[in-house]
Novice: 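The structure under discussion is supplied below as structure tokens; questions concerning it will follow.
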Amino acid sequence: VICAAITAGSRVVPVAAAKARVERNWRFGYKKHYKAMVEASLESPEKALAVAKAGIDFLQNTFEFRRPSDKKIVSFKEEMKRTDTCFKGVGVIEGKKAGATKFTVPYKKRGSENPLEGKEVKDLADRWAKYGTIEPDAAEALKQVVDNPRWLDLKNHYFVLIGAGSAMGPFLKLMELGANVIALDIPGAWENPKRPSIWRKLIKVARNSGGKIIFPLSKSQTECKNDDDLVKAAGANLLSNPADLKNWLLNLKEIKDPKNHVVIGNYTYLDSALHVKLSVCADAIMEAVSNSRPKGMTTLAFLCTPTDMHVIPREASDAAEANLNAFLFKPFGAIIEAGMRLVSKKWLKGNVWRTSSHSLVDGLVVNQGPNYALAKRLQHWRAIVAYESGIPVSSNIAPSTATASVVNEITFKWAYGGIPYFKPFEVFDQETTNAVMTAALLYDVRSSDTVAKPTNRKDKVANPLELFKYTSFHGGVWRCGYQMDSLGVPSVLIYFMGGPTLFVPAVVAVTGGLAGVIFSMAM
């Protein structure tokens, strides 16, 4: 896939693409080839678009699909052309409460029961931007959502959430605001005693909100005698029924009505190769829905990861270099550098680089794997192709977040506990991320000035890769001095030394003790 993308965009095909093609250690050697692909895309807007199209075409034409019904194997592209398959029912649950009229943000001790609002949210946005945890334009977007309560009236908007139950998705906040959500997630029939169906939560939240959810059913809603029946009939397997879901969506009256503004977002995740397969299926559905509707009336939505390679503002690049230099004079910064030199035989690496025309950040973490990188890159490619064809795209960087699945992985928990020592990192709680990323989405959908609308790209998005440098809630990745790949081990060490707050006193005590021993031995 990456070879095809590089070949489509680069004038140095014999070198870059050939090197990727013969890479023998792709699992740990893929990073340099992604960098070559990004640099090929930056050679011109035309090459960026060529790279994106080549990557998408290769995936759609190369992936094979085995139909569950007759076991026939066809190309994925051929499967998605089917119009003879669709789910039978449409479920609708509408809440009885009024939607929220103020945008609030749960943060630390001010959780969902008593969230920040009004000036408190705006002050928090300014603090984050001043420290470097988010970009200044992200702070302005959040403040504008707070200042424009009319934007919270979403009656004529329909949000298609592929992966509605995702921990990182906007479902809960949209329900709080009284939005219309077309929810897609795994079959309720997969429920078992150890894992309650996600549909129980989605249906319960909808009933206790001001919003409405619409979802696929394997039978008519009138045939469902109770909630147990409804849960068992709800949902669909995106991996085995992508054409069914596509056709179900295209037949919905809410999607067919040209007066409705439709926002369709991919919030899916699975481990390893399944993540790529999910992304390919979601991508094809998003393409079909956006192509079926009038231009300007559909917005594609993605949550980009900060652990990727992005074009960034020059100011962010300058700040990263300043933080790298300042860290060496921070207490025991040199000790960490020396320790990493001994452990890994290489220095911690700076995280920014420049081409002749752009500043970039290298946040890609090799240990996350090439499947994760490809799944997220496919989202970039779809955003680029859609944006260049005149379709609005909300594709904002989301911060590192302490979701249940992440903190259950013990090494991530340790690293997240120590990484805030490196300015300007902050690891967000899930409910905070849900709120700020929903704000970024609403800004892109409701503001007339957002760069997410291609009509506003003049002087801002010359190359389509620049789309991703706006409204970034990166959590500090763009302005930290070091690559994310370099911070895992020292962050874990800091965690075990008491975390960012206690780390310096702990190191003082240890080094003081060692100095005392050395001094007494010398005497």
Side-chain angles (χ1 to χ4, degrees), residues 1-10 13 16-17 20 30-31 33-63 75-77 80 162 242 264-269 273 275-291 298-311 358 360 363-364 368-398 451-452 454 457 461-470:
V1 181
I2 303 306
C3 291
I6 295 173
T7 300
S10 180
V13 173
Y30 67 94
K31 186 173 183 177
H33 304 297
Y34 271 75
K35 185 174 181 179
M37 178 179 62
V38 169
E39 290 181 339
S41 298
L42 289 174
E43 290 176 9
S44 71
E46 293 77 18
K47 289 183 178 180
L49 181 59
V51 166
K53 286 182 174 179
I56 293 171
D57 289 346
F58 187 91
L59 286 166
Q60 290 189 352
N61 288 309
T62 305
F63 271 43
S75 74
F76 179 78
K77 194 164 190 174
M80 292 309 294
I162 306 175
I264 178 166
N266 178 10
Y267 303 97
T268 59
Y269 175 79
H275 192 193
V276 178
K277 293 178 182 180
L278 274 178
S279 293
V280 170
C281 292
D283 174 74
I285 290 172
M286 296 173 81
E287 178 185 28
V289 170
S290 59
N291 287 345
T298 306
T299 297
L300 301 190
F302 304 98
L303 290 181
C304 292
T305 175
T307 54
D308 204 337
M309 295 181 182
H310 296 287
V311 176
H358 295 90
L360 298 102
L364 200 151
Q368 286 185 315
N371 287 312
Y372 181 81
L374 178 57
K376 300 308 287 187
R377 185 56 50 172
L378 173 57
Q379 295 178 9
H380 280 221
W381 289 338
R382 176 55 60 195
I384 288 169
V385 171
Y387 194 76
E388 290 299 302
S389 70
I391 296 171
V393 177
S394 175
S395 191
N396 302 304
I397 315 299
V451 175
R457 69 182 298 173
V461 183
N463 187 295
L465 280 189
E466 293 177 298
L467 172 65
F468 308 102
K469 79 176 184 180
Y470 293 100

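Counting from 1, the numbers follow the sequence of the chain as shown.
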Novice: With a 4.5 Å limit on heavy-atom distance, are the side chains of Met80 and Glu287 in contact?
Specialist: no
Novice: When you compare the side chain of Met309 with that of Leu360, does any pair of heavy atoms fall below 4.5 Å?
Specialist: no
Novice: Are there over 12 heavy-atom neighbours, none belonging to Lys31, within less than 6.0 Å of that residue's NZ?
Specialist: yes
Novice: Got Tyr387 and Ser395 here, is their nearest side-chain heavy-atom distance under 4.5 Å?
Specialist: no
Novice: Check whether any side-chain heavy atom of Ile285 sits under 4.5 Å from a side-chain heavy atom of Ile264, and report yes or no.
Specialist: yes
Novice: Over all heavy atoms of both residues, which pair between Pro306 and Ala398 is shortest? Give the atoms and the distance, please.
Specialist: CD-O, 2.9 Å
Novice: For Lys469 and His358: C-alpha separation, side-chain torsions, deciding distance, then whether side-chain contact (heavy atoms from CB on, under 4.5 Å) applies.
Specialist: CA-CA 11 Å; Lys469 79 176 184 180; His358 295 90; 5.8 Å; no
Novice: Restricting to non-hydrogen atoms, name the atom on Ile397 and the atom on Cys304 that form the minimum distance, rounded to 0.1 Å.
Specialist: CD1-CB, 3.4 Å
Novice: The criterion is side-chain hydrogen bond (donor to acceptor under 3.5 Å, both in side chains); which residues satisfy it with Asp283, sequence neighbours excluded?
Specialist: Arg382
Novice: For Tyr269 and Leu278, run side-chain contact (heavy atoms from CB on, under 4.5 Å): C-alpha distance rounded to whole Å, both residues' side-chain angles, the deciding distance at 0.1 Å, then the answer.
Specialist: CA-CA 7 Å; Tyr269 175 79; Leu278 274 178; 5.9 Å; no
Novice: Of the non-hydrogen atoms in Ala52 and Val385, which two are nearest, and what is the gap between them?
Specialist: CB-CG2, 3.9 Å
Novice: Return the minimal non-hydrogen interatomic distance between Thr298 and Pro392, and the atom names on each side.
Specialist: O-CD, 3.3 Å
Novice: Could you check whether any side-chain N or O of Ser44 sits under 3.5 Å from a backbone N or O of Lys47, counting only pairs where one atom can act as donor and the other as acceptor?
Specialist: yes
Novice: So Tyr372 and His275, would you call those rings parallel, tilted or perpendicular, with 30° and 60° as cut-offs?
Specialist: tilted
Novice: Closer than 4.0 angstrom, basic N to acidic O: yes or no for Arg457 and Glu388?
Specialist: yes
Novice: Verify, without hydrogens or angle tests, whether Lys77 (side chain) and Thr62 (backbone) share a donor-acceptor contact under 3.5 angstrom.
Specialist: no
Novice: Please report the interatomic distance NE2(His380) to CZ(Arg377), rounded to the nearest 0.5 Å.
Specialist: 5.0 Å
Novice: Is the backbone N or O of Thr268 less than 3.5 Å from a side-chain atom of Asn266, with the two atoms forming a donor-acceptor pair by type?
Specialist: yes
Novice: Over 60° means perpendicular and under 30° means parallel, so classify the ring planes of His310 and Phe468, tilted if in between.
Specialist: tilted
Novice: For a quick test of reading the model, state the closest non-hydrogen atom pair linking Asp308 to Thr305 and the distance between them.
Specialist: CB-O, 3.8 Å
Novice: Answer whether the closest heavy-atom distance between the side chains of Val1 and Trp381 falls below 4.5 Å.
Specialist: yes
Novice: Determine the minimum heavy-atom distance between Ser394 and Thr299, stating which atoms define it.
Specialist: N-CG2, 4.0 Å
Novice: Can you list everything that forms a side-chain hydrogen bond (donor to acceptor under 3.5 Å, both in side chains) with Ser279? Sequence neighbours excluded, please.
Specialist: none
Novice: Starting at CD of Glu46, measure out to CG of Asn463 and round the result to the nearest 0.5 Å.
Specialist: 9.0 Å
Novice: So with a 6.0 Å cut-off around NZ of Lys277, is the heavy-atom count from everything else above 12?
Specialist: no
Novice: Starting at CD1 of Ile162, measure out to SG of Cys281 and round the result to the nearest 0.5 Å.
Specialist: 10.0 Å
Novice: Quick one: are Leu303 and Tyr267 in side-chain contact, heavy atoms under 4.5 Å?
Specialist: yes
Novice: Mind checking whether Leu465 and Ile384 have side chains closer than 4.5 Å, heavy atoms only?
Specialist: yes
Novice: For Val461 and Tyr470, run side-chain contact (heavy atoms from CB on, under 4.5 Å): C-alpha distance rounded to whole Å, both residues' side-chain angles, the deciding distance at 0.1 Å, then the answer.
Specialist: CA-CA 10 Å; Val461 183; Tyr470 293 100; 4.0 Å; yes
Novice: Does the side chain of Tyr30 reach to within under 4.5 Å of the side chain of Leu374, using non-hydrogen atoms?
Specialist: no
